[in-house]
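Note that the structure is predicted; figures quoted are calculated from it, not measured. All values below come from the heavy atoms of this structure, side chains included, with hydrogens, waters and symmetry mates left out. Letters go in sequence order (proteins before strands), and every chain restarts at 1.
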Amino acid sequence: MKEKELRRSQAVLPIGTVMKLTNLSARQIRYYEEQELVIPARNEGNRRMYSLNDIDKLLEIKDFLADGINMAGIKRIYEEQAEKQAEKQAELSKPLTDEDVRRILRDEFINVSRLTKSNGYSFRTNRNL
DNA sequence: GTTCTAACA
DNA sequence: TGTTAGTA
């Protein structure tokens, strides 16, 4: 599932193609970059190169605009989105709580118990787990 | 021919 | 946001 993400983030589309795909003008696409909403990669000749993810984001911005949301509003939406993702990242880096450890240990015992029984062995204590 | 930046009769 | 000028 990671190979796919890499492809979607591969910047291979010139602005002309993006214009046709999104129905946005070059002026608008560049303006959104100025507003730091979609920052494309640049090739050797300083030409903007967009990825499929960039296309999706531009289409999303287009929808927000159609719904009457202004630049400031869209920026806020993405800022809040970034905050929530940062929280989830922090959550993942937190050390395990005692409760987490007990739950993991219990699941492990259940697995061991099942495998052991299939081999004809069993522990009396398994019944209490 | 396409894209870039900067600027506005 | 459109459009145009002068480049690369």
Query - Between E60(A) and Y78(A): side-chain donor-acceptor atoms closer than 3.5 Å - result: yes
**Report entry** Paired and unpaired positions of DNA chain B as dot-bracket, Watson-Crick or G-U wobble under 3.5 Å, | denoting a partner strand
**Finding:** .|.|||||.
Requested in this report: Might you confirm whether atom CZ of R76(A) has over 12 heavy atoms from other residues, nucleotides or ligands at distances under 6.0 Å?
Outcome: no
Report summary line: Closest to the 5' end of DNA chain B, once R27(A) and N46(A) are matched to their nearest nucleotides, is N46(A)
**Report entry** N70(A) side chain vs A72(A) backbone, donor-acceptor pair below 3.5 Å
**Finding:** yes
Query raised in the report: So, is Y31(A) near the phosphate of dA6(B), with a side-chain N or O under 4.0 Å from OP1 or OP2?
Result: no
Requested in this report: To the nearest Å, give me how far apart CD (E44(A)) and C1' (dC4(B)) are.
Outcome: 15 Å
Query raised in the report: Looking at CG of D100(A) and CG of L105(A), how far apart are the two atoms once the value is rounded to the nearest 0.5 Å?
Result: 11.5 Å
Requested in this report: For residues M49(A) and A11(A), report the shortest heavy-atom separation together with the two atoms involved.
Outcome: O-CB, 3.1 Å
Query - Contact nearer the 5' end of DNA chain C, comparing Y32(A) with G45(A) - result: Y32(A)
Query raised in the report: Taking atom C1' of dA6(B) as reference, at what distance in whole Å does atom CZ of R30(A) sit?
Result: 11 Å
Query raised in the report: Tell me, which of residues 9-24 of chain A have any heavy atom that sits under 4.0 Å from an atom in DNA chain B?
Result: P14(A), I15(A), G16(A)
**Report entry** Donor-acceptor contact below 3.5 Å, side chain K62(A) vs main chain T22(A)
**Finding:** yes
**Report entry** Point-to-point distance, once rounded to the nearest 0.5 Å, from CZ of R30(A) to CG of L24(A)
**Finding:** 12.5 Å
Query - Separation of atom CD in E34(A) from atom P in dT1(C), rounded to whole Å - result: 11 Å
Report task. Cation-pi check, K57(A) to Y32(A): give yes when NZ or CZ is under 6.0 Å from the six-membered ring centre and within 45° of the ring axis, no otherwise. Result -> no
Query raised in the report: Quick one: is R47(A) getting a side-chain N or O under 4.0 Å of the dT7(C) phosphate, OP1 or OP2?
Result: no
Query raised in the report: Hey, are N43(A) and R47(A) close enough side-chain-wise for a donor-acceptor pair under 3.5 Å?
Result: no
Query raised in the report: Is the distance from OP1 or OP2 of dT1(C) to the nearest side-chain N or O of S25(A) less than 4.0 Å?
Result: no
